[in-house]
Each structure stands twice: as structure tokens, then as C-alpha cells.
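Notes for the one structure printed next.
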Amino acid sequence: MIVTSPDSTLTIGVELRDGRPHYHVEADGESLVAPSPLGFELNNGPPLRDGFEVVETTQRTVEASWTPVWGTQDTVRNHFAERTIRLREANGPERRLTLVLRAYDDGVAFRYRWPEQPNLDTLRIASEDTQFRLTADHTAWWIPDDHDNYEWVYRETPLSAIRDSAAAISYNSYLEEADGGAPDTSEKEAAPGTVNPPLTLRSPDESRYLALHEAALTDYSSMTLRADSETATTLHTTLVPWPDGVKVKASVPHQTPWRVIQVADRPGALVESHLLQNLNEPSKIEDPSWIEPMTYVGIWWGMHIDKYSWGRKGTHGATTERTKRYMDFAAEHDIDGVLVEGWNTGWETWLGGDEFDFTESYPDFDLQEIVDYGEEKGVALIGHHETGGDVPAYEQQMDEAFALYDSVGVPAIKTGYAGPIRPEGVHHHGQQMVNHYRRVVKTAAEHEIVLDVHEPVMGTGIERTWPNMMTREGVRGMEYNAWAEPNPPSHTVTLPFTRMLAGPLDYTPGVFNLTPEETMPDHRVLTTLSKQLANMVVLYSPLQMAADLVENYEGHDAVEFIERVPADWAESHVLQARIGEYTTIARRKKNSNEWYVGTTTNAEARTLNVPLGFLDAGQAYVAHVFEDTPDTDYEDTPHAYRVRRGLVTHEDVIEANLARGGGQAVILEPATEQDRQRHEGLE
Ligand code: NOJ
Ligand code: CA
């Protein structure tokens, strides 16, 4: 019982071995996943995994395409072959389980379904016993599973070394500095030998790249992976538990998310794939005209570098006056929104009881006046709900909180869950929170509000179904550079191939003052300025922040790039990449012939060629190249940059001379007659 991808390269099949279903995956006839067991242990009945017989199998092929409301590509092809296998226990209660397999050209996926049936109406899943018996000791890029936090630096190790990896501690030191000086409660130990997907793999001969993840995570708990104690290249599925230890609670009929294995012959193809979205249902939002990608600045970095405070102790950041100033800046520089954190009361209690009120502003923040001011200038206010993890309190206030923002005219909200989820024992990534996050998305949609979720559950492509779920954190982002061990230079050349396979990323790049005096010498950003610009292209987000204080942008020539870079794209191509070392990503602006190209490197200086073959032939373009100088270095001279401009065509190659920790950001715009007279070829 197999199914083969439309291009005949990938197959996924299922067979019963002594009544137990096993699946296997091949690429070009070579085994990628050896026959691996499937099934469940239940808290409310015998295991659901053995003694099956096949009742029926059906097959179909779908060839379609769809138009995302926003994205990296303006149309997405969805072409797959699918086989549905209906199983029934041969003896006993004759419970049923259906397996659905799909083969695409860029990966395979499978999910379990429980059809309506007489002898199974409730599911209490004790464990999902899906295994991944990988056939080689690949190179792996991974973070550990800690159930609550994805804010880790990715490690690169042999797959087999995950098993012996020691427990790791995650530590959010800014919590200590939160207004109110609450003790740090966030120290956590991740279990040894575990991984939080997406897990990215490269085969020993480097001919294949794989990524393991899940799609369409709905009313289920997040999948994490645990290395087998004997065969270190075998991974077991583990599910994030409820406080009582049960993994999933549901009634039948029900289904699991898709278990997904992306397959590619280069790392860039993993990034270009839309497999996760294709495995999700079409949009449930009939008229998405209110959903708009945005670039934004915010009263945000100031709090992280300790210049401002969220609450009233210290210099309050979120004042009417300061917000207007940020809006003035945004209006002058073609930036669509201003995020304001610390506008609502309760920050003094953050992590010490969390008594946030989501409808009451601090007295020095006039919500309606600010929104009206922005409206006149064409700048949106991006709202903020920090729950501190107190989900019961947030759920109580949620309807009113969204109604308030809706009534004053706030089109986007950043939410946050920085702190332990209440009630105690509930995990950020468990089923209860998966359902909570979805409730928030639906509530937001009812109010025509888009979301940027911090401390989220990992993306699984649901933005296809709920395009107002625009971006999320779920990453060790820029903020760490302000108050913790800074992110290493390799970090943002790893993220496109790991965390970002799960979807858009609110990393918040674009910091110009890389050595803020408030945080020096202990904390700073370990990149060059040009890499910050390039990251606005490389680290895709439909809500893309330029994170620095506006005073650090004012009067700075490089702000031209931030002004121009869009947050929505017609096409995207990874031109070159070595995971964790370097990458070049080229994107064409939506409804335009203008291209943006970001090239970045890790701590090594290097020269890369960026061939412009993606440009229209027969058309001259002006290239605006923002780049490191021969003297730039992320450690000593991160701010040195230069701008080169000149005419290019699709036959040209731009040289990227990248400093250590450096980058190059390029705008390519079709040349006018005047441009052709004004510019020479690019030097
Ligand atoms: C953590 C978020 O990641 C950060 O962006 C935010 O500023 C703080 N929580 C406060 O909400
Ligand atoms: Ca965070």
C-alpha cells in the first residue's frame, strides 16, 4: 500500500507486520525511513496499534493551486497523491483507525484519523507511538524540547549525538529585570535526548536535506521527538502532556496533525517549499481584504535595553507623546505601523501575580488620541497583550480586550505569554494551549485583527486557514542581545533552515546601534549593520519590525533600505546556502518588478557571488547595494558600511564581500531613462 509523488521520486507506504501498521519512505528507490511502527497507547482502553486488518484503501490525486493572502510567493501549487487506508482490529472491540498518506514532490506526510465508530467515542491518548527510523546518521540542526520555550540557540550535531546530549538549561534573564523585580521563575531544564521540531537533517553525502515537523496542529498536543536509547538514529514521537499526564483528550471522530518529512536536494528547497501550508485547509476568512502585511517600528527595544520601562517605575516608554513621535517617524519613512508595549496597567505585577488589565491604559497613554493621530498620518497602532502566562485571566478579558482595540481602530495585536502558564502544570505547547491560541486567532478574526504571537506554539502552516495569524516569535530573537548571552553570528544563518520552516518569524531585525551604551559592555548585537538590513529580507515576516529606537534611525542614510523593504512578496528564491554558514535569498516585491536580495554570513568573512539571473532579460535595473566595507568586522567595527549604486542586468553578478558577522542588502529596481543616464555600471 504505497503512494508515489507526482514526479515519481518519493514514495510513502504502509504495511501491516503481525497486525501492526508500519510506514516507510523512499526517495529514488533509496530508503529514507525504514519501516517504522505506528499506533497509540490509551489511558482509557487497550493500546490501539496491534491486531489490525485492512478494510479498504482508496486513492486520489489533487492538482491545484491557491493564492495566499500574503506570503513569500503569490501563488502556491498544491499537487499530491494520497492514499487512505482504513484499518480495523480483527478481534475484540473492532476499533477502527484510518491512515492517510500523501506524497508531494517536496515531501511526504501522514496522519491518523478516528472515524465515528460504536466502540470508541472518547480518546485519552497516553502516547503516540509513531517512530522515525532514519536510515543514516545525518547531520542534525536542533533545539531541545522543554514544553514551554523555543528560545534556544540551534545546535549542529550528528543525529546520533542527540541521544547523549545532556539536559540543557534555558534561562530568560530579562524576567529578573521586569518592572516589579520579580524573581526569575523561568529557569527550566530540557530533557536530555529530546528535540523540538522542525528538525533539519543533511545526509552524510550531502545530497539530501530532510526536515521533520508536523502540519495542521489542531486540538492535539505538540509533537516532540526523543532519540531511541538503542538505535540513536531512531526517533520516537512524544506529546506534550496535560497536568494530569494525559497527552490528548478528544472525542471521536478526531484526527492527528500531519507528520511531515520534507525532502530536498539543497537546503534552499526546504525554505522554498509550501508543504506545510498545502497540508492545511483553505482559508476560513471569506473576505480577507482587511489583512495587510506591514513593516513596523515600536516602543519596544527601549525597554529591553533598559532605557524605558513597561510600567511606571523608571522612565515609562509608552507615553502619548513618544508614540506620536514614533508615528511621525513611521509616516516620514513609509513604515506602516508602530507597536507599543507597556500601554496598559499591570506591568508592576508582571511575573509577581500578573494583574494585567487589557482595557485600561496608563494615564499618560491616550489610546484613542494616538490611534486618531496615526490614522491621519497613515500609520497604524499595533496593540499589545502580554498575558505573562495567566491564560485564565486573559480568556476572561479577551472579548472585551479585542472589542476595545477594534472599536478604536487597532488592526494588529502582538500577544505574549512570557511566564509560566496558569494554572500550574499547563505547558505552552500542550493541547490546552494549542486550543487557547486558536481561540485567540478566531476572536481576532471576528474583530478583523491580525496577530503576532510571542511565546507561541510552533507554526504548522495554519496561516493558510487563518491568514490573520501572521507571524510569531518562538525563537531566541533580537531581545536576547539586550540582556543575555548574545545570539552567535551563525544564529540567523541557521534560522531560515530550522525554525523558519515552521513559518514566518518575528525576529525583529534592523537594529542600527549594535552597541547600545545602556547595555555595554556586557550585552550587544553580534552582527554588522549591513547584516541587520539583509536580515530584513532573509528572515521573512509579513509583519516585519525594524527594531531600533527611532533616534538611531533618524538622519542615518541606511534607513533608506528600511523605508523601501516591503513585507509581502511575489516570489522568493534561495540562491545559495550552507546551513549555519551563509545564505543569499532573493525576493520580488508583490505586484512589482523590484527585487530585494539579502546575503548573510556567520562569524567568517567570505566573498560570495550573487548572480542576477532571476531578473527580467532585456531590462536594466539600478542596484542599490548596502554592504560591509573592507574595514567592517562585527566585533570591533560593526557600524561601518557603504552604499554602491549602478546599473545591472540579468547577466551580471554582484560580488558580496562579507565581513565577519556581515551581510549585504540589495535593492534592484527597473531603471528609468533618467536612471540610465545618471548611473554607470555597478563598480
Ligand atoms: C517577551 C517578548 O518576546 C518581547 O518581545 C516582549 O517585549 C516581552 N515579552 C514583554 O511582553
Ligand atoms: Ca520571547
Side-chain angles (χ1 to χ4, degrees), residues 20-23 25 32-43 47-49 110-112 125-150 152-170 188-201 210-215 217 220-243 245-248 256-262 425 427-431 433-434 457-458 460 474 498-499 501-502:
R20 179 161 191 185
H22 286 64
Y23 78 98
V25 180
L32 296 184
V33 182
S36 301
L38 298 166
F40 297 88
E41 274 172 54
L42 303 178
N43 298 94
L48 192 58
R49 61 177 179 216
F110 59 93
R111 84 185 328 172
Y112 304 85
I125 297 178
S127 72
E128 179 184 321
D129 296 340
T130 307
Q131 291 183 25
F132 299 84
R133 294 188 171 169
L134 293 153
T135 52
D137 193 6
H138 303 283
T139 301
W141 287 266
W142 58 281
I143 53 172
D145 163 29
D146 80 357
H147 297 354
D148 286 287
N149 182 10
Y150 308 112
W152 299 80
V153 174
Y154 281 78
R155 301 186 206 178
E156 177 184 333
T157 70
L159 172 61
S160 61
I162 294 172
R163 183 187 63 191
D164 302 317
S165 69
I169 300 275
S170 133
K188 286 233 173 57
E189 208 169 271
T194 65
V195 168
N196 208 115
L199 167 66
T200 303
L201 302 169
L210 310 179
L212 271 50
H213 191 32
E214 59 182 326
L217 172 57
Y220 204 80
S221 89
S222 300
M223 173 180 81
T224 66
L225 301 166
R226 176 177 48 81
D228 185 75
S229 55
E230 276 163 26
T231 312
T233 51
T234 288
L235 300 170
H236 296 258
T237 297
T238 48
L239 298 174
V240 178
W242 285 72
V246 177
K247 305 302 187 315
V248 174
T256 68
W258 292 96
R259 298 341 189 175
V260 185
I261 303 167
Q262 275 187 263
H427 292 296
H428 282 77
H429 312 153
Q431 185 186 8
M433 281 302 289
V434 167
V457 69
M458 192 60 84
T460 59
T498 52
R499 158 62 184 82
L501 300 181

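If you're wondering where the values come from, they're calculated on a predicted model, not measured in any experiment.
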For His147, which residues count as a side chain to side chain donor-acceptor pair (under 3.5 Å) partner, sequence neighbours excluded? Asp145
Return the set of residues passing side-chain contact (heavy atoms from CB on, under 4.5 Å) with Arg111 (not counting sequence neighbours), or none when no residue passes. Val100, Arg113, Ala216, Gln255, Thr256, Trp258
State, yes or no, whether a side-chain contact exists between Thr498 and Ile143 at a heavy-atom distance under 4.5 Å. no
In chain order, what residues pass the side-chain contact (heavy atoms from CB on, under 4.5 Å) check against Pro47, with sequence neighbours excluded? Glu41, Arg49
Residues Thr238 and Thr224: side-chain donor-acceptor under 3.5 angstrom: yes
Heavy-atom side-chain contact between Pro241 and Lys247 under 4.5 Å: yes
Between Ser221 and Gln431, what is the shortest heavy-atom contact and its length? CB-N, 3.5 Å
Less than 4.0 Å between a side-chain N and a carboxylate O, is that true for Arg259 and Glu214? yes
Is the backbone N or O of Leu38 less than 3.5 Å from a side-chain atom of Arg20, with the two atoms forming a donor-acceptor pair by type? yes
Do Tyr150 and His428 have ring centres separated by under 6.0 Å? no
With Pro158 via side-chain contact (heavy atoms from CB on, under 4.5 Å) - residues at least two apart: Asp137, Ser160, Ala161
Quick check against the 3.5 Å criterion: does Thr234 have a side-chain atom that pairs as donor or acceptor with the backbone of Asp228? no
Give the intermediate values and the outcome of side chain to side chain contact (heavy atoms under 4.5 Å, CB included) for residues Leu225 and Thr194. CA-CA 6 Å; Leu225 301 166; Thr194 65; over 6 Å; no
Donor-acceptor under 3.5 Å (Arg163 side chain, Glu230 main chain): yes
Would you please name every residue forming a side-chain contact (heavy atoms from CB on, under 4.5 Å) with Val434, sequence neighbours left out? Leu217, Ser222, Val457
Applying ring-ring contact (aromatic ring centres under 6.0 Å, His included), which residue pairs with at least one partner in residues 220-243 are found, sequence neighbours left out? none
Would Thr130 and Tyr23 count as a side-chain hydrogen bond (donor to acceptor under 3.5 Å, both in side chains) if you check the C-alpha gap in whole Å, the side-chain angles of each, and the deciding distance to 0.1 Å? CA-CA 9 Å; Thr130 307; Tyr23 78 98; over 6 Å; no
